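Have a look at the structure below, then the notes.
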There are 2 protein chains.
Amino acid sequence: MTMTVVADALKKRGFRVTAPRIRIFNVLQKASYPMSVQEVKMGTKGVDTVTVYRTLEAFKRVGLVAQVDLQLGRALYELKEGKSDHHHIVCVSCKKIEDFTGCDYQPIAQQALKQSKGFTKIINHSLELFGLCTLCATK
Amino acid sequence: MTMTVVADALKKRGFRVTAPRIRIFNVLQKASYPMSVQEVKMGTKGVDTVTVYRTLEAFKRVGLVAQVDLQLGRALYELKEGKSDHHHIVCVSCKKIEDFTGCDYQPIAQQALKQSKGFTKIINHSLELFGLCTLCATK
DNA sequence: ATTCTACTTGCAAATAAATTGCAAGTAGAA
DNA sequence: TTCTACTTGCAATTTATTTGCAAGTAGAAT
Ligand SMILES: [Mn+2]
Ligand SMILES: [Mn+2]
Ligand SMILES: [Zn+2]
Ligand SMILES: [Zn+2]
């Protein structure tokens, strides 16, 4: 995902391409794990926390970023990039996060829709695994 | 799930059976959807918010309650009861929540473990679907 | 039944997360 | 270059969650 892709994605939706948005994008791109708002702010120095919140929200709306909930008491965010659907394993003890790929959720979504009275379409899903990492498991 | 089950589960882990804990349990039992701390507090009237937090945490530890994250900015909680593994569909617009059952996540978990370098066991998982309910879809 | 003590609770205060209002700044169209 | 709607930073709020502590009590021991 190049920067022109970002610019285009933003423009296409009526968003302007600004310095804070570019910086935030770059921070996310370097990260190897989903980041909290505070972490993103740390990485950009100079960009206000509120701007990080608003930018991540904008990125989410244009589909550049995914919000991840790992039961840590705050939301995390990561670039979707070209990467297919991937998810996470989290150590419930030390909070270590690993990615994994290969979530075939379509059958589950189909079954859910079949049961549902009020929904006819799924537009997104979250799937996270929780465990003990080998390090914490030995303690 | 009867109340003696609660009492036993608590006692077994060294927790005392108290009035606030019973009330909170009853509120959760009546609910047909996962509740926020504030909603639980509303339902109990007289029990302090802090006690709700601490009790839900205790219930979580003894396995009575599951925490659910629906990207709403706060955690939700629901009784596990005897009910097997079930999950939710959430309307991203009006936040309507529906249950669904039939999450066969074992293959996914196995595949995740196969890929993982730092984990050898999954002890929990979260899976939530996001969509537009039929009502919101027509707007 | 009474005593004892570790576990619980409520209240207040602190911390942390997320949102809102607004004036000043600026991207990008004209 | 001009103009204006979109953005930003800063301060203030609101909402969520945690912590400290003194007073209360469940449940074991007597
Ligand atoms: Mn990831
Ligand atoms: Mn449920
Ligand atoms: Zn760990
Ligand atoms: Zn809806």
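What you see below is based on every heavy atom in this structure, not just the backbone, and it leaves out hydrogens, waters and symmetry mates. Since the structure is predicted, the reported quantities are computational estimates derived from the model, not experimental observations. Reminder, nothing fancy here: chain letters follow the sequence lines and each chain counts from 1.
For the pair B:Lys41 NZ and C:dT9 C1', the computed distance is 12 Å after rounding to whole Å. We find that CZ of A:Phe15 is positioned 13 Å from P of C:dG28, with the value rounded to whole Å. Between B:Lys45 atom NZ and C:dG10 atom P there is a gap of 15 Å when expressed in whole angstrom units. Between A:Arg61 atom CZ and D:dC6 atom C1' the separation is 12 Å, expressed in whole Å. Atom CD1 in A:Ile24 sits about 13 Å away from atom P in D:dT7, given to the nearest Å. Separating the CG atom of A:Asp69 from the P atom of C:dA17 is a distance of 13 Å, rounded to the nearest angstrom. A:Tyr77 places its OH atom 12 Å from the P atom of C:dA17, with the value rounded to the nearest Å. In this entry the distance linking CZ of A:Arg23 with P of D:dT7 reads 16 Å, nearest Å.
Nucleotide D:dT14 has C:dA17 as its partner under the Watson-Crick or G-U criteria, with both atom distances under 3.5 Å. Summarising the base pairing, D:dA29 is matched to C:dT2 through a Watson-Crick or G-U wobble pair whose two defining distances lie under 3.5 Å. Nucleotide C:dG28: paired with D:dC3 (Watson-Crick or G-U wobble, both distances less than 3.5 Å).
Contact check, B:Arg74 against D:dA16: a side-chain N or O comes under 4.0 Å of OP1 or OP2. Contact check, A:Arg54 against D:dG9: no side-chain N or O comes under 4.0 Å of OP1 or OP2. Side-chain nitrogen and oxygen atoms of A:Arg16 include none within less than 4.0 Å of the OP1 or OP2 phosphate oxygen of D:dA5. For C:dT9, the OP1/OP2 oxygens have a side-chain nitrogen or oxygen of B:Thr18 closer than 4.0 Å. Put simply, B:Thr51 has no side-chain N or O that comes within less than 4.0 Å of OP1 or OP2 on C:dT9.
Remark: aromatic rings of B:His87 and A:His125 are distant, center separation not under 6.0 Å.
With C:dA18, D:dG27, C:dG10 as the choices, the nucleotide that has an atom nearest any side-chain atom of A:Tyr53 turns out to be C:dA18. Picking from D:dG27, D:dT8, D:dC10 the nucleotide with the shortest atom distance to the side chain of A:Pro20 gives D:dT8.
Taken to the nearest 0.5 Å, the SG atom of A:Cys103 stands 9.5 Å off from the CD atom of A:Glu128. Distance check: B:Leu10 CG to B:Arg61 CZ gives 10.5 Å after rounding to the nearest 0.5 Å.
Taking 4.5 Å as the limit, every side-chain heavy atom of A:Asp48 sits out of range of all side-chain heavy atoms of A:Val52.
Along DNA chain D, the nucleotide nearest to B:Val37 and the one nearest to B:Lys11 differ in position, and the one closer to the 5' end is contacted by B:Val37. Two residues, A:Arg21 and B:Val50, neighbour DNA chain D, and the one matched to the more 5' nucleotide by heavy-atom proximity is A:Arg21.
Note on B:Glu39 versus B:Lys41: no salt bridge recorded, every NZ/NE/NH1/NH2 to OD/OE distance being 4.0 Å or above.
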